[in-house]
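The sequence lines fix the lettering, A, B, ..., with proteins before strands; numbering per chain opens at 1. FYI, side chains are in, hydrogens and waters are out, and symmetry mates aren't considered; it's all heavy atoms of this structure.
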Amino acid sequence: MNGLEAVLLTIITASTPLLLAAVGELVTERSGVLNLGVEGMMIMGAVTGFAAAHTTGSAAVGVAAAIATGVAMALLFAFLTQTLAANQMATGLALTLFGIGLSGLIGQSFTGLPGVKLGAVYLPWLSDLPLVGPVLFAQDVLVYASVAITAAVAWMFKRTRSGLVIRAVGSNHHSAHALGYDVAGVRYRCIAFGGACAGLAGAYLSLVYTPQWIENMAAGRGWIALALVVFATWSPNRVAVGAYLFGTVWIMGLYAQAIGVAIAPQFLASLPYLVTIAALLAISGNRTLTKVNTPACIGQTFVPDR
Amino acid sequence: MRKLIVLAAVLALSLVTASAFGADPLKVGFIYVGPIGDHGWSYQHDQGRLAVEKALGKQVKTLYIEKVTEGPDTERAITRLAREGAGLIFTTSFGFMDPTIKVAKRFPKVMFEHATGFKRAKNVATYSSRFYEGRYVIGQIAARLSKTGVAGYIASFPIPEVVRGINAFMLGAQSINPDFKVKTVWVNSWFDPGKEADAAKVLIGQGADILSQHTDSTAPMQIAGEKGIQAFGQASDMIKFGPKTQLTSIIDDWRPYYVRRTKAVLEGTWKSTDTWGGMDTGMVGMAPYTNMPADVAAMAKATEEKIRSRKMHVFAGPIHKQDGSLAVAKGKHLDDGTLLGMNWYVKGIDDKLPK
């Protein structure tokens, strides 16, 4: 394995969970709902993914379990905020705290057990190409899924009626309601989608990144994903750029240390945040564009007046 | 008025009886920096807590708070345990030092024990173990086994405890191969499996074929296993995570110390002391030497024995600093004060120490 290949592979692993979680949250937020529970859904996905994979011996079952758990956690959030009209910020924070606590409890009997690693895809001929092969054509399914989901979401918002409806619900829920759209229903589905993506991100952590269960292993990645969505001004393509930029700067910081570049590691560690924010602010400098994308109703509770 | 007097009398009586019969068990509190499920640093401290419960039974009741971040949260956590009536509190991370001293001032009747720090007070004792003794041994093993002559070192924060470990590792390695290289990556965290895994991959990509870590998760061990190289465990025996990967692990054994200090409080003989135990006290142990040829294991055992019997000192002179200046001359060894404040690298380390 040559140097560049190793660098690229490490960057992809570091960026994928961020991208997965961020693109899910993007859809949720576009429908006008702020779910601060990403970290909680992610860690729950990680623990159930690991538990299911370990019990059945199949990583695929683990991935399915992680998605299901993410959705279940998200539906809990949706029920509280959409049906019972609870405050979204408070509920989201509670979901994170709940997820971290519960995952620790569930994971207790799974700590220290060998994990099941989700295998890489092998494409004959393509995977054997030098450099391009291992980097682009021999990844695991979740890496491809993260790219496919991002592309699909971008296409949906741009080209489809459902995308338009979600944006309408997020921009002005009263008008959307008056036009006859089921605001709560649309939001339920978007929240569930966000949960599924967060669960997938969790599965990536416990089945690919470090195939084992370690308490609190999400270590704040859910929060980074949340920030990425805002700084990328709710654009799927920019979220992808942001996630990969973050991963790249982070890994390059580690390389700089290993090579022996004389920059304080504390500074290198904060660099991904600084560079990502600066870059995303620069590309989203266009005010009108930002305005178009920002869901005006984000975080607001909607109770239809009948 | 009469009611008040009766009440006061009852209260006074109950206080007297409580103290006379010593009915309440001593509450012993523990503050951990990581989750007890880290299978590393915090896990070992919790083993110490369980040993206290086992040894002293009904005389004690233990409380703990895990995953306490180093910073403003620390003070809150320690205060909480003190308010809950803990008579003895162990704060088990270097970064808990100043908060411990601060809270100790407010609760003069509570005894505090701070791990790995250097600030003491009338009711604050410090304790640590000489992990660096184990690091010297693993440095020797690394130099014997490495084919590339490069070891990767995943470090947490540039504090004396960690710097000392890197230096001891390097001195051990140099005693076998004077040209040995150590590549260091600082992850600025005690516990972040993802970051530790990334650092491990980066180091392997840079030619390291043996990994050592001064962080608490088992992730580096696993990455090493995936890439088919060897690694050393940290704080506890991590063999489960790398049956074919782990060479050995430096084990912190806090059990005897925790039991002894808790007994001292129960007996009223507790004093603020400074304990720094090494292999000779059993505070530092080595996991079985695995995945290596018999002659390397024999060498490691011999070195371990020499350190244990105090026939050799890990930081025995001559030792040169990175800039070439002499730190200690031949025939002498670095004193504990210098070791505790160590903020320089030994000669041969390429990394620049972050300040």
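When each of A/Pro211, A/Gly253, A/Ala256 is checked for heavy-atom pairs under 4.5 Å with chain B, A/Pro211 comes out on top. Listed options A/Arg221, A/Met217, A/Gln108 were ranked by heavy-atom pairs under 4.5 angstrom with chain B; first place goes to A/Arg221. Among B/Pro35, B/Gly205, B/Gly152, the residue making the largest number of heavy-atom pairs under 4.5 Å with chain A is B/Pro35.
When every heavy atom of B/Lys67 is checked against every heavy atom of A/Glu215, the shortest pair comes out as NZ-OE2, 3.4 Å. Contact detail for B/Gly194 and A/Tyr209: the closest heavy-atom pair is O-CE2, 3.6 Å. For the residue pair B/Ala199 and A/Leu254, the shortest heavy atom distance occurs at N-CD1, 3.7 Å.
Residue B/Leu203 holds its CG atom at 9.0 Å from OH of A/Tyr255, rounded to the nearest 0.5 Å. The CG atom of B/Asp198 sits 7.0 Å away from the OG1 atom of A/Thr13 when rounded to the nearest 0.5 Å. Rounded to the nearest 0.5 angstrom, A/Thr210 OG1 and B/Glu226 CD are separated by 9.5 Å. Atom CD of B/Gln222 sits about 7.0 Å away from atom CD1 of A/Ile214, to the nearest 0.5 Å. Within the model, atoms CZ of B/Phe191 and CG of A/Asn216 stand 7.0 Å from one another, a figure rounded to the nearest 0.5 Å.
For chain A, no part of B/Glu196 is nearby; none of its heavy atoms comes within less than 4.5 Å. Of the atoms belonging to B/Tyr153, not a single heavy atom falls under 4.5 Å from chain A. Heavy atoms closer than 4.5 Å to chain A are found in the side chain of B/Ile223, but not in its backbone. When heavy atoms are compared at a cutoff of 4.5 Å, A/Pro17 does not approach chain B at all. If you measure heavy-atom distances from A/Trp213 to chain B, you find no contacts under 4.5 Å at all.
Shown here is A/Phe98, whose CZ atom has no more than 12 heavy atoms of other residues, nucleotides or ligands within 6.0 Å. Atom NZ of B/Lys347 sits in a sparse spot, with 12 or fewer heavy atoms from other residues, nucleotides or ligands closer than 6.0 Å.
For the 3.5 Å distance criterion, the side chains of B/Thr218 and A/Gln212 qualify, holding a donor opposite an acceptor.
B/Val202 places none of its side-chain heavy atoms less than 4.5 Å from the side chain of A/Met252.
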Practice prompt. Take A/Gln257 and B/Val187 through the side-chain contact (heavy atoms from CB on, under 4.5 Å) test and state the conclusion after the steps.
Written response: CA-CA 10 Å; A/Gln257 278 196 51; B/Val187 292; over 6 Å; no
